[in-house]
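Both backbone and side-chain heavy atoms feed into the values below; hydrogens, waters and symmetry mates do not. Protein chains get the first letters and strands the later ones, always in sequence-line order, with residue 1 at the start of each. Just so it is clear, the structure is predicted and the values come from calculations on it, not from any experiment.
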Amino acid sequence: MISDIPRVRFAPSPTGYLHVGGLRTALYNYLFAKNIKGKFILRIEDTDRNRYVQGAVENLISTLNWAGIDYDEGPEKGGEYGPYLQSERIDIYSQYADLLIKKKKAYYCFCSSERLTKLREEQQKQNKQSMYDKHCLGLTGEEINRNLSTGLPHVIRLNVEPGKVIKFNDHIREDVEFSSNVVDDQVLIKTDKYPTYHLANVVDDHLMKITHVIRGEEWLSSTPKHVILYEALEWEIPIFAHLPLLLNADRSKLSKRQGDVAVEDYKKKGYLKEALINFVALLGWTAGDDKEYYEIDELISSFSLDRVNKSGAIFDIEKLNWLNEEHLRKKSDIELLKMLRSELQDSKFSGQEYNDEYLINVIEVMRETVSFIKEIFEKGFYFFEEPTTYEEAGVKKRWNNQSAEILKQYKTKIELITSPTREDYENALKDTALQNNTGNGNVIHPLRLAVSGVTGGPGIFDILYIIGKEKTINRIKAIIEKLN
RNA sequence: GGCCCCAUCGUCUAGUGGUUAGGACAUAGCCCUUUCACGGCUGUAACAGGGGUUCAAAUCCCCUUGGGGUCACCA
């Protein structure tokens with residue numbers, strides 16, 4: 001047995017941001033580990049020096065932290081099997097590459113990139129899969145030593161034995177088979193001495209005692225290479241689970257060109273981490289019942305690899321929006337207050353001061369009407385500034401030649417009350433309507449236009465009460481001036 | 001193109017041989033509400049096609065079609 005307790009890992013390469021597909025992979029690993037009291041490891045696969053991005057690792061970690069996916073071992077945290085940055089492990093990989101050469105499971109290759117390109121082009125012309133032709137496998141020991149001692153640039157390649165059937169079991173897809181004839185003699189160690197993904201991944205998964213390799217389906221076709229490596233090194237093969245891909249609306253692999261893919265983008269737009277996690281968890285997994293709303297601990301307790309789907313899932317923003325509303329509604333006023341205050345900083349009202357009581361009043365009446373907390377500043381702008389224009393269609397429909405006079409009367413009534421309650425506003429309104437022998441609507445709608453400029457929103461008496469007597473009176477004066 | 005994976009409403013999915021094929025999002029309508037929402041109710045909407053196996057197939061097998069992934073000294 002590799003390890004008594006299940007150990008899984010999320011092994012992203014630091015490209016600058018965390019992809020939502022990556023988030024889902026990380027989440028499934030995390031949920032799986034937490035569900036069976038295993039360990040979740042974060043390992044950074046930074047073996048491509050050409051693609052090194054400054055600050056990418058920190059960014060990755062902080063995004064993971066934001067999402068609430070915390071790891072047991074990894075960079076910044078350490079652990080028994082570190083270091084967890086592959087760039088700090090290159091000696092380890094070269095040691096195993098040497099071992100593979102000794103076992104004749106790998107060999108030096110001195111081919112120039114020109115030769116390789118030419119070879120590939122010819123193969124493509126014939127509509128064949130491009131594969132290395134094992135040219136350097138025929139080199140004698142003498143030739144190899146000579147090349148090595150003259151410092152000729154070289155790589156180390158996996159020696160794939162043709163004519164074999166590579167079988168492995170995938171937890172999600174069950175038995176998968178490849179012919180070794182279609183497995184390329186993959187480069188294991190590059191000219192710059194850094195390992196490729198395939199070597200580093202297998203070595204680390206073994207050394208870090210990973211029991212379950214849970215990763216995206218894009219890795220399925222390179223899994224035979226990994227199986228060959230495990231066998232060559234005489235190591236126990238972990239359980240593979242290849243997750244279905246996240247897709248664009250046109251069913252291609254989720255990509256930047258067709259929308260936001262970075263977790264940060266969703267964070268910026270105001271999505272709750274709870275909603276994103278909930279949504280992404282349901283993209284490819286279901287507990288089998290009709291439950292759609294999940295808190296993180298519910299996901300942990302019901303998650304199982306057995307119920308992960310096989311087919312790709314389109315990232316449907318509509319459902320995410322709905323889940324965001326659902327999670328928003330579960331938040332307490334205090335939590336929303338905290339969020340609203342932070343959004344206030346980024347809003348155009350950032351210079352203004354509001355006390356908690358005021359903001360909580362606004363939250364209470366607005367919370368059911370918004371999908372995002374920042375929408376309170378958009379839909380409920382009139383709690384933060386005077387309306388300067390009045391919705392045209394609303395004016396046309398609700399404002400008539402009596403409206404100014406009716407509002408004047410209403411204003412007079414309010415002026416007489418010292419500090420009006422919601423009921424005072426309501427009673428004054430009913431009285432005004434009665435006096436004019438008209439329906440409440442002929443007061444309500446012009447009044448709503450006066451204080452908010454729009455025709456929709458929370459109950460009118462709530463609005464009046466929250467903005468208060470003075471603003472109510474001023475806004476009534478303003479609309480009469482402007483519309484008459 | 002080779003290889004591999006996949007296939008139920010527009011979308012996410014339930015379904016493991018016998019169901020009026022269920023739910024959710026979206027969408028349409030109605031109700032609630034003198035506003036907008038929320039909420040409630042109702043509706044439209046799916047087993048890719050063709051062969052088998054079976055008394056019986058969305059479910060098992062095969063083929064076709066379609067979609068996707070992958071074929072780097074990137075991960």
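Taking only side-chain nitrogens and oxygens, T196(A) never comes nearer than 4.0 Å to OP1 or OP2 of A72(B). At A72(B), one or more side-chain N or O atoms of S130(A) fall inside 4.0 Å of OP1 or OP2 (strictly under the cut-off). One finds a side-chain N or O of R307(A) lying less than 4.0 angstrom from the OP1 or OP2 phosphate oxygen of G15(B). For K225(A), no side-chain nitrogen or oxygen approaches OP1 or OP2 of U70(B) to under 4.0 Å.
Nucleic acid contact for N309(A): sugar-phosphate only, since backbone atoms but no base atoms lie under 4.0 Å from a heavy atom of the residue. No engagement by S179(A) is indicated, since no non-hydrogen atom pair under 4.0 Å with the nucleic acid exists.
Partners of E298(A) by side chain to side chain donor-acceptor pair (under 3.5 Å), not counting sequence neighbours, listed by chain and number: K291(A). For R329(A), the side chain to side chain donor-acceptor pair (under 3.5 Å) test picks out no residue, with sequence neighbours left out.
No hydrogens or angles were tested; on distance alone, a donor-acceptor pair under 3.5 Å links the side chain of E292(A) to the base of G23(B). Looking at R173(A), its side chain has no donor and acceptor atom pair within 3.5 Å of the base of C5(B). In this model, a side-chain donor or acceptor of T191(A) finds a partner on the base of C73(B) within 3.5 Å. No donor-acceptor contact under 3.5 Å links the side chain of K310(A) to the base of A7(B).
In this structure, of C12(B), G2(B), C73(B), it is G2(B) that holds the atom nearest to the side chain of Q129(A). Picking from C6(B), A72(B), A75(B) the nucleotide with the shortest atom distance to the side chain of R120(A) gives A72(B). Looking at the side chain of D184(A), the nearest of the listed nucleotides C12(B), A72(B), U34(B) is A72(B). Minimum atom distance to the side chain of R448(A) is reached by U35(B), of the listed U35(B), A37(B), C5(B).
Note on ring orientation: taking the six-membered ring where Trp is involved, the planes of Y271(A) and F372(A) are perpendicular (angle over 60°, cut-offs 30° and 60°). Using cut-offs of 30° and 60° on the angle between ring planes, the pair F315(A) and Y266(A) is tilted.
For the P atoms, the distance from G66(B) to C74(B) is 35 Å, rounded to whole Å. Between A48(B) and C25(B), the distance separating the two C1' atoms is 24 Å to the nearest Å. Atom P of G67(B) sits at a distance of 14 Å from the matching atom of U8(B), rounded to the whole Å. For the P atoms, the distance linking U16(B) with C4(B) amounts to 30 Å, nearest Å. For the P atoms, the distance from G22(B) to A58(B) is 14 Å, rounded to whole Å. Using P as the reference atom, U20(B) and U53(B) are 26 Å apart when rounded to the nearest Å. A7(B) sits 14 Å from U13(B) when the C1' atoms are compared, rounded to a whole Å. When the P atom is used for both U42(B) and A24(B), the distance is 10 Å, rounded to whole Å.
A cation-pi arrangement is absent between K471(A) and Y382(A), since the terminal nitrogen or guanidinium carbon is not both under 6.0 Å from the aromatic centre and inside a 45° cone about the axis.
Both L247(A) and W322(A) sit near RNA chain B, but only W322(A) has its closest nucleotide nearer the 5' end. Each of Q124(A) and K379(A) was assigned the nucleotide of RNA chain B with the nearest heavy atom; the assignment lying further toward the 5' end belongs to K379(A).
For H226(A) and Y197(A), the ring centers are positioned less than 6.0 Å apart.
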